[in-house]
Amino acid sequence: MFYNFAKNLLPCVFFNMDKINEYLGGRILKKADLKIDELNYLLENGGCLVPATFKKRNKLYCRRCLMEIVKLPIKSQYCRACINLGKIEVNDELIITPTNVKFPSQSNYLTWHGQLTVNQEKGVRELLKAFQNHQDHLVWAVTGAGKTEMIFPLLEQVLIQQKRVAICSPRVDVCIELYPRIQQVFPQTSVGLFHGKSDQKYYLAQISLMTVHQLVRFERAFDVLIIDEVDSYPLAGNNMLYKAIKKAKKDNGIIIYLSATPPQKLLQAVKRKKVTLTKLYQRFHGHPLPEPHCHLLIEKLEFLGINPKLRLRLNRLIRNHERFMLFFPQIPIMKSFAKKLKKLYPELSFVDVSSKDEQRLKKVQLFREQQVQAILTTTILERGVTFKKITVIVLEAQAKEFTKTTLIQIAGRAGRGVDSFDDEVHFYYRFYNRQIKQACQEISYLNRQAVKK
């Protein structure tokens, strides 16, 4: 169906149809990377040829990522900000491919048999109103509130109007987890998954799931942009990625922000009424967020191999065959602890993952499929992943890597299932500090607000 659509969309060409799907939809491409017939075809069908740079207030900027090009002591100047997406030199030319795409109508769009809560239904109405009014919108919801299910009706309306949407996250893991869920509920729709580690080439999909970095490659491409975990690294504080988000939406398009811990800049935009707001204090199953149990470790974590106070907890979990997550502030601490864990508990099956682990996605899947009992991780898994019936443990919770937001997100990995809402969360620390206090206070506050509602 999709190839027929592409053929009908544009006149006959002299190159492979697969190539068309790699180019269409507001893509920013280097002219030098295209064959002459491909270039002519795109220009004849609405593409736009532009210089790779532009000047503003006597400063030179990259047209692709919109960041300033700082002059280097070399002959050939280029943009360093987006070099990971391919080298852009100052004398290059770029082509912005056609964006006026209408997708085929379908006999059936949304195939989902779940039921929304009263709070979720209210949020859906507010999302649809924002879409109708071309208004940017923030969904501020506690972890596990069911934000993904809330966007289903919005996606359906986008598809009915033959428009295009991108669901983006700063984390690859989040995109990978969302992909099969979106495919399942929109079985007749073209759904693409695009990120730096993906084997799948880009093609013109009506729903695109991608990391935020991929948006740098687009200009005025999407009618709706849904940005999940807007406060998460590497998006938080990254000026290039925020510019990419604004650049990638169409002039009359909207941005939907999803977050359990939205940044102050976004909350200020809400106060100025530039962004409308939906708040959800309660999880979809109606039970409160698990409130962390706090444990002071008088001795170091590695005291007697593994601190005896922590070993009591591990002994119980392992003996009862309960699954658990251990969060560490740094990779070396995690690796050292993994060796001790293996020595002291040879019967325990576990994996350890970090951002530098090339096997991370496979290891996470092993834990998801319950092929291992435990997973050791850094903050890379603080958000965007869902596991059922687990105990969450944070070690060295006083470390600077564990901000208030990070601790709240980590605690949110627990209690996400209807049948496991009472999962436990434990913070182990050498000293009690502000970030631990604020995280515990905010979780308690959110639970009180949920009761009021």
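All values below come from the heavy atoms of this structure, side chains included, with hydrogens, waters and symmetry mates left out.
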Run the salt bridge (Lys or Arg N to Asp or Glu O under 4.0 Å) check on Arg316 and Glu322 step by step: do they pass? CA-CA 8 Å; Arg316 192 178 305 122; Glu322 297 176 45; over 6 Å; no
Pairing donors with acceptors under 3.5 angstrom, does anything connect the side chains of [X] and [Y]?
X      : Y      : answer
Gln106 : Thr189 : yes
Thr261 : Gln409 : yes
Arg448 : Ser444 : yes
Lys279 : Tyr281 : yes
Gln183 : Tyr179 : yes
Arg220 : Thr99  : no

Rounded distance [0.5 Å steps], [atom1] in [X] versus [atom2] in [Y]:
X      : Y      : atom1 : atom2 : result
Asp136 : Ile227 : CG    : CD1   : 10.0 Å
Phe218 : Cys168 : CZ    : SG    : 9.0 Å
Leu138 : Leu277 : CG    : CG    : 5.0 Å
Cys440 : Ile443 : SG    : CD1   : 6.0 Å
Ser355 : Arg360 : OG    : CZ    : 7.0 Å
Asp357 : Ile380 : CG    : CD1   : 10.5 Å

Counting C-beta onward and ignoring hydrogens, is there a side-chain heavy-atom pair between [X] and [Y] closer than 4.5 Å?
X      : Y      : value
Ile83  : Ile88  : no
Thr211 : Gln214 : yes
Ile226 : Leu155 : yes
Phe222 : Leu225 : yes
Leu348 : Ile318 : yes
Leu326 : Thr377 : no
Met325 : Ile393 : no
Val142 : Asn447 : no

Qualifying ring pair (Phe, Tyr, Trp, His ring centres under 6.0 Å) pairs, either residue in [range], two or more places apart:
range            : answer
residues 340-398 : Phe367-Phe387
residues 300-333 : Phe328-Phe337
residues 121-178 : Trp112-Phe152
residues 154-178 : none

For [Y], is there any backbone N or O sitting under 3.5 Å from a side-chain donor or acceptor partner on [X]?
X      : Y      : answer
Asp423 : Gly415 : yes
Thr97  : Arg27  : yes
Lys247 : Val216 : yes
Tyr202 : Leu24  : yes
Gln435 : Phe402 : yes
Asn433 : Ile436 : yes
Lys243 : Leu66  : yes

List the residues meeting salt bridge (Lys or Arg N to Asp or Glu O under 4.0 Å) with [X], not counting sequence neighbours, and say none if there are none.
X      : result
Arg313 : Glu424
Arg80  : none
Lys122 : Glu126

salt_bridge([X], [Y]) N-O dist < 4.0 Å:
X      : Y      : result
Lys56  : Glu68  : no
Asp419 : Lys389 : yes
Asp231 : Arg383 : yes

With sequence neighbours excluded, give me every side-chain hydrogen bond (donor to acceptor under 3.5 Å, both in side chains) pair touching residues 147-157. Glu149-Arg181
Return the set of residues passing side-chain contact (heavy atoms from CB on, under 4.5 Å) with His287 (not counting sequence neighbours), or none when no residue passes. His285, Phe421
Heavy atoms from other residues, nucleotides or ligands near [atom1] of [X] exceed 12 (cutoff 6.0 Å):
X      : atom1 : answer
Glu369 : CD    : yes
Gln184 : CD    : no
Arg368 : CZ    : yes
Arg434 : CZ    : no
Leu312 : CG    : yes
Lys87  : NZ    : yes

Identify whether NZ of Lys or CZ of Arg in Arg164 sits under 6.0 Å from the centre of the six-membered ring of Phe103 and within 45° of that ring's axis. no
Using the rule given for salt bridge (Lys or Arg N to Asp or Glu O under 4.0 Å), can you reason through Lys404 versus Glu442, listing the C-alpha separation, both sets of side-chain angles and the distance that settles it, and then say yes or no? CA-CA 9 Å; Lys404 179 197 80 170; Glu442 184 156 328; 3.0 Å; yes
Can you pull out every salt bridge (Lys or Arg N to Asp or Glu O under 4.0 Å) where at least one residue sits in residues 280-306? Sequence neighbours excluded, please. none
Which of parallel (below 30°), tilted (30 to 60°) and perpendicular (above 60°) describes Phe194 and Tyr203? perpendicular
As a test of understanding, state which of Gln115, Glu121, Gln120 forms a side chain to side chain contact (heavy atoms under 4.5 Å, CB included) with Thr117. Gln120
ring-ring contact (aromatic ring centres under 6.0 Å, His included) with Tyr432: which residues, sequence neighbours excluded? Tyr429
Partner residues of Tyr78 under the ring-ring contact (aromatic ring centres under 6.0 Å, His included) criterion, sequence neighbours left out: none
For Glu219, which of Lys249, Arg64, Arg63 qualifies under side-chain hydrogen bond (donor to acceptor under 3.5 Å, both in side chains)? Arg63
